[in-house]
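Side-chain atoms are counted along with the backbone in the values below, which use heavy atoms only and exclude waters and symmetry mates.
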Amino acid sequence: MSTNQLNEQELFRRQSLEQMRALGINPYPAEEYLVNAYSTEIRDNFNEEERRDVSVAGRIMSRRIMGKASFIELQDSKGRIQVYVSRDEICPDEEDKELYNTVFKKLLDIGDFIGIKGYVFRTQMGEISVHASDLTVLAKSLRPLPIVKVKDGVTYDAFTDPENRYRQRYVDLLVNDNIKDIFLKRTKVFNSMREFINQHGYTEVDTPVLQPIPGGATARPFITHHNALDIPLYLRIANELYLKRLIVGGFEGVYEFSRNFRNEGMDRTHNPEFTVMELYVSYKDYNWMMDFTERMLEKICLDVNGTTEVPMGDKIISFKAPYKRISMIDSIKEHTGVDITGKDENELREICQQIGIQIDETMGKGKLIDEIFGEKCEGNYIQPTFITDYPIEMSPLTKKHRSKKGLTERFELMVNGKELANAYSELNDPIDQRERFEEQLRLSEKGDDEAMFIDQDFLRAMEYGMPPMSGIGIGMDRLVMTMTNQNTIQEVLLFPQMRPEKIQKKDSLEKFIELGISEEWVNVIFKSGITTLKELAKNSDTKLHPILCGLNKKNKLGLQNPTVEELAIWIQKAGTNS
């Protein structure tokens, strides 16, 4: 990176880096630094009666320099702890105090990593701290961290802009105290679910991410190309059909935490890359799966939050089993007053128009019913609720209902007005399955780009015999949102998908010099935020003059200030050459 692109603090830190090296200090040492204690554990186990020697490491987050002794706040992976640094303790040689006077006081900055050896004590102010006897530089930071200040309960200079936070999650984790807790809870959610399923004797597996046919769901896939095989491949939209193949192969129950990809829109509850847990168990039905699901979610909530009730905005959601159950038809009737039982596609179109739902010609019967439920019903289910018995047109992989004609044995779990899980009594009749795939093909030909592909190999597997089973998919990101009281999916993804970062255009140093501006003054212009000739041409000489002169004085550059007339010539030439 050219030094012309660096700000004043970044330049200063690079100078400090070089001064460290000149003193014989490696600012990025390779050897292991042994750590035997952490901030929270030190405080929790402090004993006034016993001296405890510790070795800690972390990042400097604040410091108070006070002559021969100073305090710093060190942040490790668990939290923060105060460190007392005395010149004569870390520099016992009476002839050499450079580590303290130069390195610690002048060359170290907030954000730098250091190692501290010393002992634990309580200060006169009552704060448990580490008294340093040895200091080691572990890594020099070259960019200044945002400094978040809190005074009288008011936060200043907070790092809160969502785009910056998501794009620079590493900074977000460092300076915003609650962010790391969200992702620690995310791990607890996964671990608790894995533990519950393993206790039932089911097997965790891995299935392909690159698939020749994007099956198992209705969604628009991402497409790529395999050069060696010269074939198109798809990033998986679901892993369902592969897990069912394993059931055919003799596994009783299989599950996978699946990273899925769907080439669709992004909003507060959708990211094109997301995680789903899918589970398939032989000889079970959707009634068993409802019981299993509510017991599992109750356990997860207890493991993560210590209670079955979690706040979500201004609402309290209870995951205490059992959950309410209502059929989709009854739900639509309850919230629209319309009974859709036995309605054909044309009648459903009329109903959509009557109740103000926008539709298009590509929508078949299943999509029309889905639109009605999504627009009029879904958002009403705040507490966990199983929506059951979906029309057959909405569920191409689901077994027909055992007693209700035209319906399937399917449920979706709604929580806080959004789908959290989707489950079936799985279809295991290969002839019926082929007919439903062919219906999906007809929808695709009609223009529905989310209709399912026909997977001939999956049909072949079914023809070898597939036992009855139940399967479920749970949206892990949405589950974590609920367990951590977050209202956007981006808050529970470490690195959510973002639009490309806008890169500031910058003309070369030479282009400015060609206008008759000295290199020293070009750097001052860059510091003012003007980086192109076009930007310079837009400025007023009388407004820009005090800004540039002010930067010259502030940075003690000692340059001779240009006159307003000289500045006007620069601006005029910039307009001609831009």
Side-chain angles (χ1 to χ4, degrees), residues 200 202 215-218 238-241 243-244 247-248 252-255 276-297 321-334 339-343 364-367 369-370 372-374 377-378 381 384-415 419-437 439-440 452 458-459 461-462 465-475:
H200 285 77
Y202 307 136
T218 55
N239 59 348
E240 175 173 341
L241 302 188
L243 295 178
K244 287 180 174 178
I247 297 294
V248 171
E252 180 186 356
V254 291
Y255 74 98
V276 174
M277 190 289 297
E278 292 207 29
L279 164 72
Y280 295 85
V281 185
S282 304
Y283 315 119
K284 307 299 184 185
D285 66 3
Y286 78 142
N287 292 312
W288 176 89
M289 188 60 82
M290 279 188 267
D291 295 338
F292 181 90
T293 301
E294 60 192 10
R295 285 186 287 114
M296 178 170 65
L297 293 179
Y323 305 158
K324 177 182 176 180
R325 303 180 186 190
I326 184 173
S327 73
M328 173 168 274
I329 287 176
D330 287 344
S331 174
I332 290 174
K333 189 186 299 182
E334 179 180 310
D339 186 352
I340 65 167
T341 305
K343 302 297 184 184
K365 185 175 177 180
K367 206 74 177 283
I369 296 171
D370 190 32
I372 295 171
F373 180 79
C377 308
E378 186 174 277
Y381 296 105
T385 304
F386 291 115
I387 308 296
T388 67
D389 304 341
Y390 281 50
I392 194 169
E393 293 83 1
M394 296 179 66
S395 313
L397 296 172
T398 313
K399 187 169 284 188
K400 292 176 182 176
H401 201 283
R402 66 195 74 179
S403 61
K404 299 176 182 178
K405 188 176 180 181
L407 302 181
T408 59
E409 296 199 349
R410 173 187 178 187
F411 73 79
E412 287 186 317
L413 176 62
M414 299 293 166
V415 178
E419 173 202 341
L420 187 62
N422 187 20
Y424 313 149
S425 291
E426 300 293 342
L427 179 61
N428 63 334
D429 178 344
I431 296 173
D432 188 359
Q433 180 64 82
R434 184 178 293 277
E435 290 173 352
R436 303 219 203 158
F437 272 153
E439 173 59 26
Q440 288 289 303
M452 283 190 184
F458 175 65
L459 291 171
M462 289 186 72
M466 179 184 285
M469 71 176 118
S470 183
I472 189 170
I474 296 177

With side chains defined as the heavy atoms from C-beta onward, is the minimum distance between [X] and [Y] less than 4.5 Å?
X	Y	value
Ile326	Glu334	yes
Tyr323	Thr293	no
Lys399	Tyr424	no
Phe411	Ile472	yes
Val276	Asn239	no
Glu439	Glu393	no
Phe292	His200	yes

Inset, instruction - Just jot down the ring pair (Phe, Tyr, Trp, His ring centres under 6.0 Å) partners of Tyr202, sequence neighbours excluded, or say none. - result: none
Inset, instruction - Only counting residues at least two apart or in another chain, list the ones meeting ring pair (Phe, Tyr, Trp, His ring centres under 6.0 Å) with Tyr280. - result: none
Inset, instruction - Can you see which heavy atom on Pro384 is nearest to which on Val415, and at what distance? - result: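 Distance-wise, the nearest heavy atoms are CA-CG2, 3.9 Å.
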Inset, instruction - Mind listing the closest non-hydrogen atom pair of His401 and Glu409 along with its distance? - result: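 Looking at all heavy atoms of both residues, the closest pair is CA-CG, 3.6 Å.
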Tell me whether [X] contacts the main-chain N or O of [Y] through its side chain, where contact means a donor paired with an acceptor under 3.5 Å.
X	Y	value
Thr408	Tyr390	yes
Arg436	Leu427	no
Glu240	Ala217	no

Inset, instruction - Report the residue from Ser470, Pro467, Pro468 that forms a side-chain contact (heavy atoms from CB on, under 4.5 Å) with Ser282. - result: Pro467
Legend entry - Sole candidate of Asp389, Thr388, Asp339 that passes side-chain contact (heavy atoms from CB on, under 4.5 Å) when paired with Ile329: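 Result: among Asp389, Thr388, Asp339, Asp339 is the only option passing the side-chain contact (heavy atoms from CB on, under 4.5 Å) with Ile329.
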Legend entry - Euclidean distance, Lys284 NZ relative to Glu252 CD, rounded to 0.5 Å: 7.0 Å
Legend entry - From CG (Leu243) to CE (Met469), nearest 0.5 Å: 9.5 Å
Inset, instruction - Could you tell me which residues satisfy side chain to side chain donor-acceptor pair (under 3.5 Å) with Glu378, sequence neighbours excluded, listed by chain and number? - result: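 Scan of Glu378 (side chain to side chain donor-acceptor pair (under 3.5 Å), adjacent residues dropped) gives none.
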Legend entry - Passing candidate, salt bridge (Lys or Arg N to Asp or Glu O under 4.0 Å) with Glu426, options Lys244, Arg410, Lys400: Lys244
Legend entry - CA sep, side-chain torsions, deciding dist, call: Tyr381, Glu412, side-chain contact (heavy atoms from CB on, under 4.5 Å): CA-CA 11 Å; Tyr381 296 105; Glu412 287 186 317; over 6 Å; no
Inset, instruction - For Thr398 and Tyr286, test the side chains for any donor-to-acceptor distance below 3.5 angstrom and give the result as yes or no. - result: no
